[in-house]
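A quick write-up on the structure given underneath.
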Amino acid sequence: MEYNFLRIEEKWQKYWNQNNIYKTDIDKSKPKYYVLDMFPYPSGAGLHVGHPLGYIASDIYSRYKTLKGFNVLHPMGFDAFGLPAEQYAVETGQHPEITTEKNIERYREQLDKLGFCYDWDREVKTCSPEYYKWTQWAFIRMFNSYYCNDAQQARPISELIEAFETEGSGCINAACNEQHIFMAEEWKAKSKKEQQEILMNYRIAYLADTMVNWCAYLGTVLANDEVVNGLSVRGGFPVEQRKMRQWSLRVSAYAQRLLDGLETIEWTESLKETQKNWIGRSEGVEIRFDLSPQGTTSSTPSILPCGERSIIVFTTRADTIFGVTFMVLAPESEYVAQIVTPEQKAEVKTYIASTKRRTERERIADRKITGVFSGGYAINPFSGEKVPIWISDYVLAGYGTGAIMAVPAHDSRDYAFAKHFGLPIIPLIDGCDVSEESFDAKEGVMVNSGFLNGLTVPEAIRKAKEYISDNNLGTIKVNYRLRDAIFSRQRYWGEPFPVYYQDGMPYNIPEEQLPLVLPEVDKFLPTETGEPPLGRAKNWTYKGYPLELSTMPGFAGSSAYYLRYMDPHNTEALVSKEADEYWRNVDLYIGGTEHATGHLIYSRFWNKFLYDIGVVVEQEPFKKLINQGMIQGCSNFVYRIKGTNTFVSYGLKDNYDTSELHVDVNIVNNNILDTKRFKLWRPEYETAEFVFEDGEYYCGSAVEKMSKSLYNVVNPDDIVVTYGADTLRLYEMFLGPLEQSKPWDTKGIDGVHRFLRKFWRLFHHSNDFFVSEDAATKDELKVLHKTIKKVQSDIESFSFNTAVSAFMICVNELVDLKCNKKEILEPLTIILSPFAPHIAEELWHLLGNTASVVTASFPEYDESFLIENSFKYPISFNGKTRFKMELPLDDDIEQLKKTVLASPQTQKFIDGKEPKKVIVVKGKIVNIVI
RNA sequence: GCGGAUAUGGCGUAAUUGGUAGCCGCGCUAGAUUUAGGAUCUAGUGCCGUAAGGCGUGUGGGUUCGAGUCCCUCUAUCCGCACCA
């Protein structure tokens, strides 16, 4: 009986399915373990061999944890709202739901073939109303909450209203867009609409005019993480900055907690670093520069903050204030209008118009130094000097106060600007040379700096800060780069906002009337008047009031899905208290790095919000996170002689004028082209001729992204048919460390497949399953215990490649020992089962066990047996290892030394002399110095 | 520019965490079996050398009886952030 993987895999997949082997329930008698994969977006292309890498790893770990006695939650679902299905709908008119369902079905089929242990009863789809009801629900809660900076948590908006009614806004320290100062009486005198407008400033989900990334081609706004280098991540279309009225989530209020939380979770340093960069905390001061009287237009009354004629800037280098030689405002800054003098007005206007025309992409592409003098001056608060105020687009309106103090000697951007416009540069650090470039490092001793002279930079920063707060020149302030997340998308295929408009102000639909189901539309395009597709829906109103026309972005549905898996069918709550308190959070999360600044930030924010309002018990959603590497494609090329249909082999291509063409990797083996299949591949190659090299046609190769258009996609279904799911699983793990990216290489798969067949044959004699009931020998037991120990520690450290190797070594050794004993096979079956569940299950049953192997428990290894029987310690002389020696485990070091020194091998090396030194490490003789 | 990571045979990788560098697999070489191919089995395979031996973990240095592993220098590659004041 050969190893018939197709029969075995089909049989057991059916059995697991029918017997609900992977059904999970709350079981308080066992410790829980929650293993989660980042759920996929079901694209039309289906899975390629790269996708399952993380899924295989999480499946192995889940099965292992189950064998270890944990109650393991291992669910799967689909992130089903999104642009591709909608783009397809726009082009074909087919409803995105149909496309999505079809794709999900295909994904499910492919996943099932790999033998994963998902509890499919818990499947979630973000596009189903039962699911997005809770996305909408969370939105309403955010809408009805504000962020209290004192308590550092979200609080109900009703508390804010109460405070306004009793004490006015003075006592409130809350995250907001714009401070409003009013007394309780003033609040009460305001109209409902005015009150709502003020409250909108505080809500965690709020509507505001914000600068957004507008992608005209996609017809929607995008979040910051969806834009890279001024192009949309999806599609690569240009994105411009535009002011629009949009929903946003006040993620920035959580910046510090998002930062602090990183210290409590086991993520890789690089991922934490990425998030730290994205949050971008910087400590500094906000300092006030008063305007020089002749520098302002006397006709405009000042409405600047603090009620004074001044500019507030943010700096992390308070120590360099003596070196400020000019100031710069962002072109969009609200200060600009106040400061520009009549003489400069025309020039400034022209400049601002020109910066507006430039997209962000252009600004990044050609870093031309541009700017214009405003005509105004400010007073340096430290030196009393008068400094000119400029306007330039190198200062960002969205960060800090949109205005900076420029210290050209110690900031490279200010330096470039100063050189370009001929502004003075004052060096402040002893001995630094600023004739060619600025000195940006935070080191050295201060000079030219009044009361800071003689201090080192860190000391000077501290002292300057002290001086500023003592003299009421400004405040100590922490700034974050993290912005609020723009939450509206002018698209169809997303969650509708549970919001209607009355008198121009938004109000939420009552929670008990959720879900607000996505309406039908005739087309998936914007309306003729430029409204989002929902503008086409009939009766899209609530109690006669118009409903919001935007939908939520992709990250809305993926932000709390891990909670829904805990209690997926609950119609009363996102997750029940009981389920949440049992499952708590994800113990192991596996997925790609591409979500570092998107999903993984939003999810953490969303979770913290739910924590604040008492829905969840854990502050962090994902305790441990592993980023699996990408599996790249290995493309092959053929070389066609230009103007002919003749193809020349790789080694000879330089003798001809050729063009390089991608060829389907599935008709290439070992870089050798199957010319017959090549001719059949496409009609135009039917008459192809070849110039061979040693009788073969060799292809060129390169590592590229796995993609349909590069003909380098390897489909897991094909591998499963040829080798079986168990081989694919083992091979993907064997390829290398989980976190590393690596090219797919079909060549090596034979080795792994051979191993499984060898293992199978070891327990089959003349076509029958055969195991011996004899007791195992010491050597056989040693092989077993060594393997258990190694595989266990490898799984626990997620080193699955070495675990597979260990198993292969084990089988080789058992073959050498001709061991086919039940006593050995039974535990081996269990430890193999996470990796190759089908063959393990088959052997398990052939051994006469009826219950499924997943209910067995992971075998223990016997440490003392291993120690007793693992001998051969290396013995070195003068640091050079000469031989291995069998030594007993002995605490008596003196006795050990004697044994070693007395041995004939040692005598040969020390040649009768007395050794100078004997070094013993961990109870073993290691080195003898002669 | 700032930050993170990596560097070992022809290739993917391993090294009990400071103790025989190259496990396991691919590939390659030779042989056995087979009508042939495939499959299987046996032996070999870091480099130089007929051999003895020597050299070897990106570079240069250091600590140590002993370094792929620890410290410093440089180099290369990959990733993240980037007019963030």
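We name chains A, B, ... by the order of the sequence lines, and we start the count at 1 in each one.
Figure legend. B/A43 is base-paired to B/U29; pairs are counted as Watson-Crick or G-U wobble with both atom distances under 3.5 Å. Pair assignment for B/G38: none, as no Watson-Crick or G-U wobble contacts are both less than 3.5 Å. Nucleotide B/C74 forms a pair with B/G58, judged by Watson-Crick or G-U wobble geometry with both contacts under 3.5 Å. The nucleotide B/U17 finds no pairing partner, because no Watson-Crick or G-U wobble arrangement with both distances shorter than 3.5 Å includes it. As the counterpart of B/A52, no nucleotide is assigned, since no Watson-Crick or G-U wobble pattern has both distances under 3.5 Å.
As judged by a 4.0 angstrom heavy-atom cut-off over every strand, A/Pro743 is placed among residues making no nucleic acid contact. Contact annotation for A/Leu735: backbone-only contact, meaning every heavy-atom pair under 4.0 Å involves sugar-phosphate atoms and none involves a base. Within the nucleic acid shown, A/Thr268 has no heavy atom closer than 4.0 Å to any nucleic acid atom. Nucleic acid contact for A/Asn801: sugar-phosphate only, since backbone atoms but no base atoms lie under 4.0 Å from a heavy atom of the residue. Within 4.0 Å of A/Arg761, counting heavy atoms only, lie sugar-phosphate atoms of the nucleic acid but no base atom.
Ring orientation note: the planes of A/Phe314 and A/Tyr399 are nearly perpendicular, at an angle over 60° on the 30°/60° scale. Using cut-offs of 30° and 60° for the angle between ring planes, the A/Phe800 and A/Phe835 rings count as perpendicular. Ring orientation note: the planes of A/His599 and A/His595 are nearly perpendicular, at an angle over 60° on the 30°/60° scale.
As rounded to whole Å, 21 Å separates atom P of B/C81 from atom OH of A/Tyr480. B/G12 atom P lies 18 Å from atom CD1 of A/Ile749, rounded to whole Å. One can place CE of A/Met733 at 16 Å from C1' of B/G25, the figure rounded to the nearest angstrom. In this structure, A/Tyr3 places its OH atom 17 Å from P of B/A39, rounding to the nearest Å. When rounded to the nearest whole Å, the span between CD of A/Gln740 and C1' of B/A14 equals 12 Å. When rounded to the nearest whole Å, the span between CD of A/Glu273 and P of B/A5 equals 8 Å. Rounded to whole Å, atom P of B/G25 lies 20 Å from atom CD of A/Glu732.
Candidate nucleotides B/G80, B/C24, B/A85 were compared by shortest atom distance to the side chain of A/Met808, and B/C24 ranks first. Here B/A82 is the nucleotide among B/A14, B/G4, B/A82 with the atom lying nearest to any side-chain atom of A/Arg481. Of the candidate nucleotides B/G25, B/U40, B/G4, B/U40 has the atom lying nearest to any side-chain atom of A/Arg757. If you check B/U40, B/C83, B/C81 against the side chain of A/Trp278, the one that comes closest is B/C81. Side chain of A/Pro737, nearest nucleotide from B/C41, B/C24, B/A14: B/A14. The listed nucleotides are B/C41, B/C26, B/G12; the one nearest the side chain of A/Phe734 is B/G12. Relative to the side chain of A/Ser805, the nucleotides B/C24, B/C41, B/A85 differ in distance, and B/C24 lies closest. Among B/G25, B/C83, B/G4, the nucleotide with an atom closest to any side-chain atom of A/Asp393 is B/C83.
Base orientation of B/U17: syn, since the glycosidic angle falls within 90° of 0. Using a 90° window around 0 for the glycosidic torsion, B/G56 falls outside it and is classed as anti.
If you find the closest nucleotide of RNA chain B to A/Thr274 and to A/Met405, the one lying nearer the 5' end belongs to A/Thr274. Of the two residues near RNA chain B, A/Asn277 and A/Thr802, the one whose nearest nucleotide lies more 5' is A/Thr802.
Using a 4.0 Å cut-off, no side-chain N or O of A/Tyr731 falls inside it from OP1 or OP2 of B/G25. Checking the phosphate oxygens (OP1, OP2) of B/A85, no side-chain nitrogen or oxygen of A/Asn479 falls inside 4.0 Å. Under 4.0 angstrom from either OP1 or OP2 of B/G25 there lies at least one side-chain N or O belonging to A/Asn812. Taking side-chain N and O atoms only, A/Arg754 has a distance below 4.0 Å to OP1 or OP2 of B/C26. Contact annotation: A/Ser270 does not reach the phosphate of B/G3 (side-chain N/O to OP1 or OP2, under 4.0 Å).
For the pair A/Arg604 and A/Trp267, the distance from NZ or CZ to the six-membered ring centre is under 6.0 Å and the angle to the ring normal is within 45 degrees.
Aromatic pair A/Trp744/A/Tyr731: ring centres closer than 6.0 Å. Ring centroid separation for the pair A/Phe326 and A/Phe417 comes in under the 6.0 Å cut-off.
Taking 4.0 Å as the cut-off between side-chain N and carboxylate O, A/Lys782 and A/Glu813 do not count as a salt-bridged pair.
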